[in-house]
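The structure under discussion appears below in the form of structure tokens.
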Amino acid sequence: MNVKLNDNVLVITGKYAGKQGKVIAASPKSATVTVEGVNIHKKAKKARRANEVSSIVSVEGPIDVSNVMVVCPSCDKAIRVKHGLEGEKKVRVCPKCGAVLDKAYGGKAAKSAKKEEPKKRVRKRAKKEEAETTPETPDGDKAE
């Protein structure tokens with residue numbers, strides 16, 4: 001499945017054809033996606049407590065992934081996703097403009113970001129032992 005969470009997609013068939021929205025849920029096993037503002041259903045919500053009020057709420061339903069196309073964020077066109085390599089990682093690429101669709105691998109920005117080494121942990125016990133082993137002068141000052 002070439003559509004991922006938070007992708008901007010264009011619905012190409014059905015009642016909502018031509019509408020764009022953000023993917024809020026993706027289910028690869030059933031090959032469906034839930035798009036914001038598309039395939040709206042009415043659902044009755046029952047009050048579960050004494051202070052709640054029963055109501056009818058609007059809920060987005062899932063649609064088949066074959067009915068949507070990913071919209072490239074840089075060229076703003078509906079595309080078929082192409083796969084390429086960015087370093088050692090396999091990434092999704094726009095075939096029209098060549099932009100990387102995966103936000104974690106945004107090209108130059110991802111390459112320039114270096115992994116910072118974690119801070120070296122210092123044990124408290126070791127600090128106390130060092131403080132005790134340093135000799136003190138009769139005035140109470142520590143000798144250097």
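By convention here, the first residue in the shown sequence is residue 1. Everything quoted here is computed from the prediction, not taken from an experiment.
- No side-chain heavy atom of V35 sits under 4.5 Å from any side-chain heavy atom of E60.
- Contact detail for S54 and A47: the closest heavy-atom pair is OG-N, 3.1 Å.
- Side chains of S58 and K42: a donor on one and an acceptor on the other come within 3.5 Å.
- Contact between I79 and P95 at its shortest, heavy atoms only, is CD1-CD, 3.9 Å.
- A distance of 11.0 Å separates NZ in K43 from OG in S55, rounded to the nearest 0.5 Å.
- Separating the CD1 atom in I40 from the OH atom in Y16 is a distance of 5.5 Å, to the nearest 0.5 Å.
- When the shell of 6.0 Å around CG of L85 is examined, it contains more than 12 heavy atoms from other residues, nucleotides or ligands.
- Residues P73 and N8 form no side-chain contact, since every pair of their non-hydrogen atoms from C-beta on lies 4.5 Å or further apart.
- Criterion: ILVMFWY side-chain heavy atoms under 4.5 Å apart, direct or through other members. Under it, M1 and V68 are part of a common hydrophobic cluster.
- For the residue pair L10 and A78, the shortest heavy atom distance occurs at CD2-CB, 3.7 Å.
- Formation of a donor-acceptor pair under 3.5 Å by the K96 side chain with backbone atoms of C75 is not found in this model.
- Residues meeting the side chain to side chain contact (heavy atoms under 4.5 Å, CB included) test with T32, sequence neighbours left out: S27, S30, P62.
- Expressed to the nearest 0.5 Å, how far CG of N67 lies from NZ of K15 amounts to 14.5 Å.
- The number of heavy atoms from other shown groups lying within 6.0 Å of NZ (K45) does not exceed 12.
- The side chain to side chain contact (heavy atoms under 4.5 Å, CB included) check on R80 picks up M69, with sequence neighbours excluded.
- You'll find the side chain of D76 reaches within 4.5 Å of the side chain of V71, heavy atoms only.
- Here OG1 of T13 is found 7.5 Å from CD1 of I63. Values are rounded to the nearest 0.5 Å.
- Judged by distance alone, with hydrogens and angles left aside, the side-chain atoms of H83 form no donor-acceptor pair with the main-chain N or O of V81 at under 3.5 Å.
- Sorted by first and then second residue, the salt bridge (charged side-chain N to carboxylate O under 4.0 Å, His left out) pairs involving residues 1-10 (not counting sequence neighbours) are K4-D102, D7-R92.
- Pairing each heavy atom of V9 with each of V70, the nearest pair is CG1-CA, 4.2 Å.
- Between the CZ atom of R49 and the CD atom of E52 there is a distance of 6.0 Å, given to the nearest 0.5 Å.
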